[in-house]
Amino acid sequence: MKPTSDLAPTTTQTSRADRDHRTGLILSLLLGLVLAGVQFAQPQLHDGAFWLPASLHAICEIFAVTVAVLVFAVTWHSYRPAQPTNLLLLGCAFLAIALLDLAHALSYRGMPDMVTPASPEKAINFWLVSRLLLALTLLLMSLRPWRPLRSYRSRLPMLLATLGLVALFWVLGLGFPDVWPHTFVNSHLTPFKITAEWIIIFLLAVAALRFLSAWRHGLPYAAGNLMAAALISILAELCFTAYNNVHDIYSLLGHLYKVASYCLIYQAVFVASVREPYERLAVAIADRQAAEQRIEVMAFHDSITGLPNLALLQDRTLQALAAMRRDDTCVGLLFLDVDAFKLINDSLGLEPGDRLLRAIGQRLLHGLPESATLCRYGSDEFAVLLPGLNGPEAMAEVPQRILDLMATPFEIDGQLIPCSVSIGVALAPNDGHEPNSLLRNAESAMYKAKQAGHRTWRYYDAAIDSEVSERLHLLNSLRQAIERSELQLHYQLQFELASGEVVAAEALLRWQHPELGAISPARFIPIAEESGLIVPLGEWTLRQACRQAAQWRTAGIGVPRVAVNLSPLQLHHHSLEDAVRRALQDASLPASALELELTESSLIADTAQVLHTLESLKRLGIKLSIDDFGTGYSSLGYLRRLPVDTLKIDQSFVRAMATSTDGTAIVEAIIQMARSLGLDTLAEGVEDQATASQLQQLGCQLAQGYFFARPVPASEILTILTRHEGLRGA
Ligand code: C2E
Ligand code: CA
Ligand code: CA
C-alpha cells in the first residue's frame, strides 16, 4: 500500500471530518462568548476565590492528565509505519504534557509537599512549560507535512527523548524552584508570566491559522480539530493572563478550556489513528468483496443475457451427475438452437438481436422448473440442465413447454418477431456419463430436430452422430468447393405458355464433389445458409450468371434474362445491392436482363431495410419474383407492399393439379390473387402437356419444368433452344 493512500480520506470520511471540524469551531466560538460574558460581568465575579478549590482543580487536572495520556496511548499503540509521523510526535508531546500537568497538579497550593513545599509559582512553572510544549507541538503539527515516519525504529528514541525532557523539568521544577523567574508576586501575575502567556498565545494563533488553511485545502483530516484545539487553548491562555488569584473564575475557565482542548486533540488522534484506518479498511474489504463478486459473475455468466455460461453449466452438470449416482436418478440436458437466428439477427441489427436473445433467455428462465439451470451456450444456443429426474418421463414435458413458451412472438422495437427453437435432448446415464459427452449428444439431437423441420425436439440417438459429422464434413468441403472449381451453374429455361417463347433461364447450382459425386443443392444449400457461407457463394453465382447471360446476348442466343436464386441471408446482408451492381457492371449486362428469385420466408421479417433493398434493386431495373409461392405465410396485404413482378407457384401445388381438384383450386386462387395484384404467375415443375394446357386455361402466363426443359450446363442451352425452335416451327 502506498503511504499516501493511508492519508487520503474517503468521501464519507471527509464529510464526517468536516462535521467534526465544524463542531470544534462552534465550540470554540461558544467558549469565546462565555469568556467575553465573564469579562463584562460584575467585578465581584472576578475576585471570588471560591471558583476553583484545590479539590476541583485536582479533578480537572486528573481529567486533563488522563486525556493527555490517552492521546499518547492511542497514537503509540495504533501506530503503523504508513501513518504520518505527526501523530507520533503529537502522542509523545502529550505524554510529556501529561507528566508536566501531573507535576503542576501536585505542586498546586493546598497539595501535600513534594520535595519542596507546594506553591503557586511552582505550579505555574510546570504549567508554563506544559503550555509552551503544547503550543510548540501544535505549531510543529501545522508546519510539518503529514508524511509517514522514514524509519519505524526512530519511534523509541523519540519516546526516550520525551521522558528525558520531562525528567529534566521535574528535577528543575521540584528540586530547584528558585532558579525559575518569578511569576506570581503579591497575588499578582508578574510581567514575565504575562509575556510568556502572550508568546504562547501568539504561537497558538499561528498554529490555528495554519490549520485553518490546511483544513480549507482538505488535508490533513485532523486539521479542523487541531485548529479548534488551538483556538480553545488560546482562550485558556487568555484566562491565565487575567486571573488575580488561582482560585478565581478565570482560573476555573482556563482549566476547563484546557480540558476541552485536550478532548478535541484526543478526538483528532483517535479519528486519525483508529477510526479512519478502520473505516478505510472496511471500505477496502467491501470493495474487494464487490470485485470478487463481479469477477465471479463475469467468469460464470454470459455478458449479454446474464445467464450462467458454459463453465457454470459444466460445473452444475458435474454436481448433478454425482447426485444422480448417489440417488439413482436421471439428469436431462436440453440443447436449444434458435431457428434462423442469423436471418433475424441480420434483419434486426446487432443490438436488437442481443435484446431478442435476452428476451428469449428471460422467457425461458421464467417458464422452466426451478431446479433447472438455463445457460447461454453459444451465439444463439442455449442449454438447460434438469437434475434429479425420476426417469425419462419426468422431463418429457419440458421440451414441449419450451416450444409453447416460444410460440408467442417477441416484441423488439415495436416489431413482433416470431421466433422458434429446435431442441435436442440427452439423458444421463444412458446418453453420457460426463458433461461434455452429454452436451455433444444433446447438440447432435438438436440437429436432428432442425432436419425434422425446426420448431420441434428430438431425443439423442447414437445413429444421428454420423449424420452430424457428415454435415460438418460437407461444410468443410463446401468452403473449398469454389476454389477447386467443383461448383457449376446449370440453367433451366422458363417459357411463356401462350407463345412458347423463352423468357428467361434460371441458374441452379450444381456441386460435383470429388469423392461423393453430384450433391443436390437441396442438401448443401441449407448447410451453406446455416454457416453463412451462402453469402460469398451467392455472390459467386450472381457473377457467373450475369457473365453467362452477357455471353448469350453477344452470341445472339435468345435468352432474354437470367434468374438467380437469392437466399434469405443474402437479402438481409447489407452488401447485396453493391454485389448486384458490381456483377452487372463486370459483365456489362443491363439490369433488365437480371431477375432475382426471393423466397417467401426471407420476406417475413418485413423490416424497413428489406423494403429499402428491394426498392433500390427495383429502381436499378431488375425483375423480382417470389419463389416457391404458397409454402410460406405471405398475405395479400403484405404482398401489395412489395415491389415484385412475378409469383412462382410452388411445384407441390402444380403437381397436385394432376391428382386432385383441390390442387387445381389452389393454383387457380393463386393466379387470381396475383392478377388482382397486377403480378405475373409462373408455374414450377410442369412435367406434362396436360398440366401445361390446364395452367394456360387458368390464366397462368409462364411455366418452367421438365416438360419444357431440364436444367442443363450453359453449353447445352443452344441445343435445347434449337430443338425447341424446331418443335415450335413444326
Ligand atoms: P428452386 O429454386 O425451386 O428450383 C427449382 C428446383 O426444381 C430445381 O431443383 C430444379 O431442378 C427442379 N425442377 C425444375 N423443373 C422440375 C420438374 O419439372 N420436376 C421436378 N421434380 N423438379 C423440377 P434443384 O436444382 O435441385 O434446386 C433445388 C433448390 O435449391 C432450388 O429450388 C433452390 O431453392 C435451391 N438452389 C439451387 N440453386 C441455388 C442458388 O444458386 N442459390 C440459392 N440460394 N439457392 C439455390
Ligand atoms: Ca428458384
Ligand atoms: Ca421454386
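Numbering of ligands and ligand atoms starts at 1, following listing order.
Below 4.0 Å from some heavy atom of Gly685 lie the following atoms of ligand 1, by number and element: 16 (C), 17 (C), 18 (O). Here is the list of ligand 1 atoms found below 4.0 Å of a heavy atom in Asp628: 3 (O). Those atoms of ligand 1 that come under 4.0 Å of a heavy atom in Thr541, given as number and element, are 41 (O).
Scanning all protein heavy atoms for the shortest distance to atom 11 (O) of ligand 1 gives Pro711 CG, 3.4 Å. The closest protein non-hydrogen atom to atom 43 (C) of ligand 1 is Asn565 CB, 3.5 Å. Scanning the protein heavy atoms around atom 21 (N) of ligand 1, the nearest turns out to be Glu687 OE2, 3.1 Å. Closest to atom 24 (P) of ligand 1 among all protein heavy atoms lies Pro521 CG, 3.6 Å. Nearest protein neighbour of atom 15 (N) of ligand 1, counting heavy atoms only, is Gln492 NE2, 2.8 Å.
The name of the N, O or S atom in Asp628 nearest to the Ca ion (ligand 3) is OD1. Atom OD1 is the N/O/S atom of Asp627 found closest to the Ca ion (ligand 3).
Using a 4.0 Å cut-off between charged side-chain N and carboxylate O, Asp380 and Lys342 make no salt bridge. In summary, Arg355 and Asp413 engage in a salt bridge, as defined by a charged side-chain N under 4.0 Å from a carboxylate O. One finds no salt bridge joining Glu615 and Arg619 here, because no Lys/Arg side-chain nitrogen approaches an Asp/Glu carboxylate oxygen to under 4.0 Å.
The distance criterion of under 3.5 Å between nitrogen or oxygen atoms is met by Tyr706 with respect to ligand 1. In terms of polar-atom proximity, Gln704 is not counted as a contact of ligand 1, lacking any N or O under 3.5 Å from an N or O of the ligand. The shortest N or O to N or O distance between Leu509 and ligand 1 is under 3.5 Å.
Nearest to atom 6 (C) of ligand 1 by heavy-atom distance, out of Gln651, Arg510, Glu684, Glu506, is Gln651. Looking at Leu487, Asp650, Leu508, it is Leu508 that brings a heavy atom closest to atom 4 (O) of ligand 1.
Among the candidates Phe495, Phe707, Phe708, the single residue satisfying the ring pair (Phe, Tyr, Trp, His ring centres under 6.0 Å) test with His724 is Phe495.
Using a 4.0 Å cutoff on heavy atoms, Gly538 does not count as a contact of ligand 1.
Checked by atom type, the side-chain pair Gln704/Gln492 shows a donor-acceptor distance below 3.5 Å. Side-chain atoms of Ser499 and Glu496 form a donor-acceptor pair, as typed in the model, at a separation below 3.5 Å.
Residue Glu506 counts as close to the Ca ion (ligand 2), with an N, O or S atom under 3.0 Å.
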